[in-house]
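Counting starts at 1 for both ligands and their atoms, in listed order.
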Amino acid sequence: MPICIVERGVGGPEGTGESAGSHSVAARFPVGMLAAMPPTPPSPAEPGEPRIRDRGDACPGALRLHAAADGFLARLRLPAGRLTPRQALALADVAETLGDGSLSVTSRGNAELRGLRDGCDARLAALLDDAGLLPSPTHERVRNIVASPAAGLDGLGHADVQLWARALDAALCAEPRAAALSGRFLFVLDDGRGDVAALGGDVTLIAAPDGAALLETGSGTLRLPAADAVPAALACALAFLDAAAAAGTGAWRPRELPPGHLPDWAGALHRAAITAEPVPPFSSPGTPPPAPGPLGGRALHVLAPLGRLTAGRLRALADGAAELRLTPWRGVVAVAPPTGARLSALAAHGLITDPAAPGAGVTACTGLPGCAKSLADVRADAAAAPGGPLPVHYSGCERRCGHPHGTWIEVTARDSGTYLLDGAPVPRTALAEAVAAARTRKS
Ligand code: SF4
């Protein structure tokens with residue numbers, strides 16, 4: 001069974017996590033883990049060349065726990081955010097028995113367990129494995145795949161990229177070299193509606209009409225047959241690893257590569273026998289995230305207040321659902337008949353089922369007391385945020401963990417009594433009024 005590494009003082013910007021870059025002390029290496037869990041070692045830099053990273057990526061995972069101020073934290077990669085009902089129920093049990101009773105949804109549609117007890121790592125790994133949530137211990141941190149959550153459910157889009165996500169996950173886990181990707185390397189799969197294409201993927205696939213796909217790598221757009229989309233994404237990820245090794249700067253993502261070390265994307269596709277042609281960049285229709293409520297006739301979308309899914313909420317969502325998909329907007333698409341009774345039941349559990357409900361569009365980092373870096377209890381202040389059309393994100397420090405993409409109101413603690421609202425100081429006592437004005441004024 002999988003092994004666990006407990007990291008102290010490391011984290012990541014993805015979700016509700018804390019600052020990365022602080023010291024790391026591996027505290028536990030149960031039997032066999034060193035062989036099974038490859039690091040992402042930086043290669044030596046050329047003389048005179050700046051080193052970007054001087055250590056392997058220490059992003060938390062299911063087997064690499066992070067010591068936060070409120071206990072240990074595990075980040076579970078859920079490709080396309082997908083959970084079967086059985087897995088959702090298993091996570092509810094895990095959260096209650098080993099953690100703080102909740103699951104946090106990250107800005108990549110992954111899940112975090114917080115407040116985990118010291119020494120629970122082996123038990124946690126066994127429970128996740130039993131639930132089918134650890135298909136590859138060696139690859140568990142590299143399964144970072146965001147896909148249009150409503151793909152295949154509402155008639156929009158050109159292809160069901162949820163199926164692409166499953167195929168890409170299987171291809172990643174079957175490729176030993178892919179285990180060397182950093183825990184931050186991101187694949188984004190957009191079904192053509194443009195809801196996730198701008199989420200900062202390192203390799204982005206976009207479904208196009210007529211059985212084609214667009215491939216974006218940050219240095220151009222290629223059009224190729226949709227049937228080749230998944231092999232192309234994997235080939236590009238491996239091309240990045242080759243370029244990173246050649247650069248020797250320890251880059252975790254393509255955007256960190258030094259000039260002159262661009263991956264040979266075209267060569268990688270050629271070697272994979274994939275025919276691709278350069279085309280103009282994707283022109284996104286900019287479909288917004290689905291509003292809370294019914295989603296077509298087969299599903300519904302709810303938001304989790306401040307991204308938290310209690311065990312009770314998870315069980316309510318799983319009840320009668322064929323599948324759940326955690327979203328990058330800290331919500332859940334449930335594949336289940338969107339009846340009024342079901343929506344009422346979910347609302348009774350505190351889930352947001354109405355776009356006008358308090359809490360819609362409000363996110364926050366962990367803040368105090370969970371993150372020692374925080375200058376304020378931002379979640380308490382965010383819970384009192386007034387409604388408004390624009391998203392608002394509360395951060396306990398300038399790192400702004402888990403902030404949304406696109407346009408949003410930025411609220412950052414400056415000290416215990418003052419926030420910066422889009423850079424301007426606002427006393428905490430006047431914050432709600434100022435946020436209300438900003439969420440309306442900027443829309
Ligand atoms: S206070 Fe918030 S933004 Fe700052 S490191 Fe902690 S979780 Fe991240």
- Would you mind running through ligand 1 and noting each atom that sits below 4.0 Å from a heavy atom of Ser374? 1 (S)

- Item | Arg315/Glu96 salt bridge by N-O under 4.0 Å criterion | yes

- N, O or S from Cys397 under 2.8 Å to atom 8 (Fe) of ligand 1: no

- Query: Would you say Arg313's side chain and Leu346's backbone share a donor-acceptor pair under 3.5 angstrom?
  - Reply: no

- Task: Pick one of side chain, backbone, both or neither for how Cys371 approaches ligand 1, counting any non-hydrogen atom pair under 4.0 Å.
- Result: side chain

- Task: For ligand 1, note which part of Arg400 has a heavy atom under 4.0 Å away: side chain, backbone, both or neither.
- Result: backbone

- Taking Gln162 for its side chain and Ser148 for its backbone only, find out whether a donor-acceptor pair lies under 3.5 Å. yes

- Query: Going by heavy atoms in the side chains, are Pro289 and Asp195 under 4.5 Å from each other?
  - Reply: no

